S.K.: 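Just passing along the structure, written as structure tokens.
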Amino acid sequence: MNITDSFTRIRLIAGTTFLEAVRQKFFNSLLLISIALVASSTFFQQFDFGTGELKFITDFGFGALFFFGSILSITATTQLFFNEMENRTALTMLAKPVYKLEFLAGKFLGAHLLMLCFTLVITLVLSGILYWREMVLLERLGNELTSNVSLIRYGDVFLFGFLQWMKFGIIAAFTLFVASFSNTNLYTIVVSFFMLIICQLQYIVRDTYSGMEAGWERILVLGLGLIFPNFQLFNIGDQLVFDVEKAPAVSTVLQITGYGAVYSIAFVLLAQVNFRRREI
Amino acid sequence: MATPAICIQNLTKDFAVGMRGMKLRAVEDLCLEVGDNEIFGLLGPNGSGKSTTIKIILGLLEASTGNCEIYGKPSKLVDARRSVGFLPEAPYFYRYLTGRELVRYYARICMVARAEIDAAVDSVIKLVGMTEAADRRVGTYSKGMLQRIGLAQSLVHDPQLVILDEPTAGVDPLGSAAIAEIVRELKRRGKTILLSSHLLAQIEGLCDRVAILHRGKLVREGLVDDLVQEKDAESLVVQGLNDEGRAAVEAEIKAQGGRLARVERPRLSLDAYFLKEVHQREIEHVTQQEGGEEL
Ligand SMILES: Nc1ncnc2c1ncn2[C@@H]1O[C@H](COP(=O)(O)OP(=O)(O)OP(=O)(O)O)[C@@H](O)[C@H]1O
Ligand SMILES: [Mg+2]
């Protein structure tokens, strides 16, 4: 197995996967809805939140990014996988000298690339809106504040986007894992959403674990905690954007990134275990 | 002896159908050998296991029992498929690519060297007669065009073994003749071709050897000429004979003054042979089933 050839094939498969994804109506409508939603947060301006308004818009934007991103990540990955199965294009592909792992990795990267696009667009729109509101606000408060202060650290908006994107990677990977053993679209989507909820509530398990006495229950909980990634780790939005003192260390960000990458790779490999025996 | 292109030994394939572990036997104890540089036809009625056999050869399905090798390599290995081209039945491709992009894409997947890609793509597109439509999107293609672009896709990396599952389904007679000519050309270039079809008239003049499957079992296998020749009969091709003489001709050809031009073995058409073989078995099968139900 030649590694460079392998990467070429993965890249090619990811390319068509991505191309197919951006041509889907679902992606485009979801993108539009998300943009509209992020933009609509400015309508709250009449309440005159002051600097609180910026915080509100940020939270709202981050929330929309997470919410729609998760939906998109699960549905797009499912769709991309089953399209290939149902249209039997997978048949043509896997009759070529292509390893099934290359195929899965290509699908995963294609979906991940789609999420990168989505995340970038949303964070760009959010930053644009924040910038606009910040200008308006600074103008109004101009006499009270010293000039040339920036209320928002825009880099953090993108950092948050990046971490969310890593999380979407895990979601795409475990969706692929579920798809690898399931026969239908709907089943895959439902199970993946359950997994998403479990991952989101993972911290509860962790809390239980720390309060438990040694024993098999503790091992069980530990196991659960290891199988399902802890999505709370990625939600550091509160520490970002506004408060310089609370800003996370670079090492923390790297750790979270590594955490995401490890889980994504692990789920793709697990998917491969099922997919290897799957009849195409 | 050279390694056969495809070697299938005691191949059985069961599909799990239904909830209670019910099994459907799609292929049963199949033994086949396809020699190098041979055109081999896989014949059989719908659902007789042709496509299933092909998928196992390509490693897309795993055999329940038995072995399958391509040029001596187990077909489970990706390596065995390095020099194999495949056209699936009723092919379907990425709609949003143009025909040329599609063929090019598969050429790159198969690691055709960059310098050769353009020439290879152009030449197979020309070969299958799709030059005019090559820059239209695959989504707009007709069934026959899909079949042709599928053929192009299967040949672009110049494989040694080409497997075609019903290559002429949905293709017009002219196109089918063209495909048959492509297959012959491939043979001249030293390639091996395995194809499945129900269109026997086309297969007859094309294949060196055929195998007939019925309900997953191999019914007959051999050289086309051997199968369709009736060895216990001869036919006389008579010339220069008038109507009155014809009645007496069998007894006294020479006495009637006719000229014996040629003696040859009469042939059953492959169509007829196929029908005879399959039909008879189908009747046996049905009577057996009915008998079983009555008991
Ligand atoms: N994935 C599957 N699951 C269950 N049964 C299957 C599956 N694929 C094929 N079969 C069954 O196996 C048998 C053989 O099917 P196969 O597709 O090989 O037939 P075929 O000879 O190619 O027929 P056709 O000429 O119609 O293409 C059929 O009875 C079919 O229903
Ligand atoms: Mg078939």
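In what follows, chains carry the letters A, B, and so on, assigned in the order in which the sequence lines appear, proteins first and then strands, with residues in each chain numbered from 1. The shown structure was predicted, so the numbers you read here are calculated from the model rather than taken from an experiment.
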S.K.: Could you check whether the rings of F168(A) and F118(A) sit parallel, tilted or perpendicular, using 30° and 60° as the cut-offs?
M.R.: perpendicular

S.K.: Does the Lys NZ or Arg CZ of K107(A) fall within the cation-pi geometry relative to F81(A) - under 6.0 Å from the ring centre and within 45° of the axis?
M.R.: no

S.K.: Taking 4.5 Å as the heavy-atom cut-off, does anything in residues 55-74 of chain B contact chain A, and if so which residues?
M.R.: K55(B), L58(B), L60(B), L61(B), E62(B)

S.K.: Under 4.5 Å from any heavy atom of chain B, what part of R11(A) do you find: side chain, backbone, both or neither?
M.R.: side chain

S.K.: Ring centres of Y259(A) and Y263(A) under 6.0 Å apart?
M.R.: yes

S.K.: Which of parallel (below 30°), tilted (30 to 60°) and perpendicular (above 60°) describes F231(A) and F234(A)?
M.R.: perpendicular

S.K.: Using 30° and 60° as the class boundaries, would you call the ring planes of F181(A) and Y187(A) parallel, tilted or perpendicular?
M.R.: perpendicular

S.K.: Using a 6.0 Å distance limit plus a 45 degree cone around the ring axis, check whether K13(B) lies over the aromatic ring of F15(B).
M.R.: yes

S.K.: Centre of Y106(B)'s six-membered ring, under 6.0 Å away, within 45 degrees of the axis: is that where NZ or CZ of K96(A) sits?
M.R.: yes

S.K.: Give the interface residues of residues 87-102 of chain B toward chain A, defined by a heavy-atom separation under 4.5 Å.
M.R.: P88(B), E89(B), A90(B), Y92(B), F93(B), Y94(B), Y96(B), L97(B)

S.K.: What verdict does the side-chain contact (heavy atoms from CB on, under 4.5 Å) test give for L195(B) and L42(B), after you've listed the backbone C-alpha separation in whole Å, the side-chain angles of each residue and the deciding distance to 0.1 Å?
M.R.: CA-CA 6 Å; L195(B) 52 90; L42(B) 208 51; over 6 Å; no

S.K.: If we define contacts as heavy-atom pairs under 4.5 Å, which of M93(A), K100(A), R278(A) has the most with chain B?
M.R.: M93(A)

S.K.: Is there a side-chain contact (heavy atoms from CB on, under 4.5 Å) between D36(B) and Q160(B) once you walk through the steps?
M.R.: CA-CA 9 Å; D36(B) 194 29; Q160(B) 177 58 30; 3.4 Å; yes

S.K.: Measure up the F177(A) and F267(A) rings against each other and bin them: parallel (under 30°), tilted (30 to 60°), perpendicular (over 60°).
M.R.: tilted

S.K.: Between L12(A), T8(A), L19(A), N83(A), which has the largest tally of heavy atom pairs under 4.5 Å with chain B?
M.R.: L12(A)

S.K.: Is there a side-chain contact between E38(B) and E33(B) in this structure, where contact means two heavy atoms from C-beta onward sitting under 4.5 Å apart?
M.R.: no

S.K.: Pick from D79(B), V78(B), L77(B): which one has the most heavy-atom pairs with chain A under 4.5 Å?
M.R.: V78(B)

